[in-house]
Visitor: 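Here it is: the structure, laid out below.
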Amino acid sequence: MSTSPPMRLRFAPSPTGYLHVGGARTVLFNWLLARKNGGTLILRIEDTDRARHVEDSVKKILADLRWLGLTWDEGPEVGGAYGPYFQSECLPHYYAAVQRLLECGDAYYALETPEELAAMRERMKDQPGGFKYPRPDPLPTIEQGLAARAGGRPVVVRFRMPGTDIRVNDDILGRVVLPAAELEDFVIQKSDGWPTYHFACVVDDERMRITHVLRGQEHLMNTPKHIALQKALGFNTPFYAHLPVIFNMSGSKMSKRDKERAIKRGEPPPEIDVHDFRAAGYLPEAVLNFIALLGWNPGDDRERFTLSELTEAFTIERIGKTNARFDREKLLSFNMDWCGRVGEARLLAALKDYLTVNARPAVNAGSEPDAAGAGPPPATASATLAARALTFGDDTLRRLLAICAGFKTFAQWLGKVAFLFMDDDAIEFDEKSVRKVLAASNGAGYDALAGVADRLSVIDPWTVASIQAAIESHMSASGLKLGDVAQPLRVAITGATVSPPIFDSLELLGKEATLNRIRRCQQTRKPV
RNA sequence: GGCCCCAUCGUCUAGUGGUCCAGGACACUGGCUUUUCAUGCCAGUAACAGGGGUUCGAGUCCCCUUGGGGUCACCA
């Protein structure tokens with residue numbers, strides 16, 4: 001029988017910043033569908049708004065996609081038979097299509113200035129149904145439009161919407177009918193001659209032979225416009241599927257603005273863009289796995305998926321209709337789990353990526369460089385720590401990863417091992433810890449520290465085994481338990497009661513620094 | 001506000017008329033393991049928004065209400 005033509009899907013971001021998690025899920029689903037069906041994934045850059053164009057954002061989006069491991073078959077940097085893949089390079093196509101519509105009367109020049117439109121809107125906003133662009137009667141002729149433009153008037157081209165209801169057959173939502181009364185003659189060409197999103201999108205979907213459009217539900221109301229345009233131009237209508245929206249835990253739509261709001265409140269900005277998750281020390285495996293489950297599920301109890309397992313299990317039928325909240329706690333749990341299952345080599349590589357990204361000055365703090373407006377970000381303490389961690393060899397890093405197993409993000413890992421990179425003088429002894437572990441019971445902890453320090457000071461060579469032997473011999477000589485000795489040591493070397501396993505911690509720190517810190521710690525002892 | 005979409009534990013979800021006093025995961029609580037923190041293991045609390053129908057039987061189908069969301073640009 002007739003086989004369906006090869007599936008062609010696209011992801012079409014606009015270069016206004018980093019790749020957002022919502023966008024990431026959209027690409028993921030498109031990628032999965034393409035992979036699953038032997039189709040093609042096209043990456044198209046929708047850069048028709050010169051005002052909102054953000055420098056370097058294409059590069060950033062591509063980098064984020066690569067970090068996630070979501071490759072594209074056609075598009076920037078890889079080319080393809082249906083280029084260009086930047087809309088800014090396709091102006092002649094749009095122009096020709098507009099002309100066609102103009103000539104057959106399906107589009108017309110509209111002469112209102114933005115100011116006039118705003119005034120009309122203001123006047124009509126209280127009418128039942130609100131503002132809807134009133135089609136001029138009679139329509140301006142082509143000659144009138146051209147003349148007005150020549151006279152310096154900003155002239156746009158509007159599409160003449162057919163007066164019929166439009167039905168969208170959505171693969172997720174089913175049949176959705178949009179009443180004609182809701183549809184207005186929308187702009188397809190701006191006064192600067194550039195196409196609007198709707199128009200460029202439709203022309204390119206056709207030009208690139210797109211068969212399936214998988215996009216966020218915020219595009220649902222755009223679809224009737226696209227369908228009407230396709231009909232007027234004699235184009236094919238692809239299959240549409242609109243994905244549920246991703247929310248914050250608060251229930252609001254997850255947006256880049258959340259970061260600015262948090263900063264304004266003096267709170268740490270939440271991760272919103274893919275890059276944020278990378279910089280915060282998440283594994284792409286975990287991010288991908290987690291977002292795949294936002295709006296999709298395999299139908300059974302499985303929750304952990306690699307990209308290829310996802311490809312295997314993914315079907316459009318199992319995409320849900322309900323909006324999903326982005327539960328950071330669950331992501332954290334996924335990430336911890338993935339850190340334990342990707343294997344040593346992969347984990348090390350990911351760690352080094354994390355450290356590298358963070359060792360650079362924090363230019364990546366805001367998704368929109370001009371938005372924070374707070375001046376150049378300072379070189380953060382964590383940037384310094386990351387840079388120092390990077391100076392360690394792979395063997396040490398691997399070992400640090402192993403003894404800290406159970407961390408949720410690399411950022412958390414860095415916090416756990418930070419004491420190793422700090423100057424001895426920079427250790428601040430936490431008052432509560434000192435009181436509890438050292439000063440309590442007439443300074444029993446201080447005594448233990450002094451006793452064990454004597455034994456440590458004569459160790460050579462300085463290894464886990466020799467350190468353990470020294471501590472154990474002090475334990476048996478004094479009758480103390482491991483905790484009685486280990487906790488004072490922890491306070492001495494980290495300033496508080498938490499550290500990786502004590503023998504490893506001491507060995508890694510080195511003999512000199514250890515003794516140094518113990519000495520400094522002993523100075524916190526108050527005379528009785 | 002108009003139009004459109006959606007509605008199962010706090011969260012992500014399974015459930016496609018009977019096998020559901022609703023299953024899994026995260027979170028939470030308790031216990032065990034443990035040199036600290038964490039991890040790990042075990043157990044527990046917790047949901048079909050409300051009201052009408054249809055049906056022998058409804059979380060599952062229909063309607064209404066309520067609630068949530070999306071969208072109403074010369075942005076994409």
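Proteins come first, then strands; the chains are lettered A, B, ... in the order of their sequence lines, and each starts at number 1.
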Visitor: Checking all strands, does A:R215 fall into the base, sugar-phosphate, or nothing category for heavy-atom contacts under 4.0 angstrom?
Guide: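 The residue A:R215 makes no contact with any strand.
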
Visitor: Reckon A:T196 touches a base, only the sugar-phosphate, or nothing at all at heavy-atom distances under 4.0 Å?
Guide: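 It contacts sugar-phosphate atoms only.
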
Visitor: Which part of the nucleic acid, if any, lies within contact of A:R52, taking any heavy atom under 4.0 Å across all strands shown: a base, the sugar-phosphate backbone alone, or nothing?
Guide: base

Visitor: Could you check whether A:V156 gets within reach of a base, just the sugar-phosphate, or nothing at all, counting any heavy atom under 4.0 Å?
Guide: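 Base: the residue A:V156, judged by heavy atoms under 4.0 Å, touches a nucleobase.
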
Visitor: Name the residue closer to the 5' end of RNA chain B, choosing between A:R318 and A:E329 according to the nucleotide with the nearest heavy atom.
Guide: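 The residue closer to the strand's 5' end, by nearest nucleotide, is A:R318.
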
Visitor: Taking any heavy-atom pair under 4.0 Å as a contact, classify A:G299: base, sugar-phosphate, or nothing.
Guide: sugar-phosphate

Visitor: Taking the six-membered ring where the residue is Trp, are the ring centres of A:F186 and A:F199 under 6.0 Å apart?
Guide: no

Visitor: Under a 3.5 Å cut-off for both distances, is B:rU16 Watson-Crick or wobble paired, and to whom?
Guide: none

Visitor: Over all strands shown, is A:V437 touching base, sugar-phosphate only, or nothing at heavy-atom distances under 4.0 angstrom?
Guide: nothing

Visitor: Given atom OH of A:Y95 and atom P of B:rC74, what is their separation to the nearest angstrom?
Guide: 21 Å

Visitor: Do any of residues 288-297 of chain A sit with a heavy atom less than 4.0 Å from RNA chain B, and if so which?
Guide: A:L293, A:L294, A:G295, A:N297

Visitor: Start at the 5' end of RNA chain B and walk down; is the nucleotide closest to A:M249 or to A:N323 reached first?
Guide: A:M249

Visitor: Is a donor from one side chain sitting under 3.5 angstrom from an acceptor on the other, for A:T223 and A:H242?
Guide: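 Yes, a side-chain donor-acceptor pair sits under 3.5 Å.
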
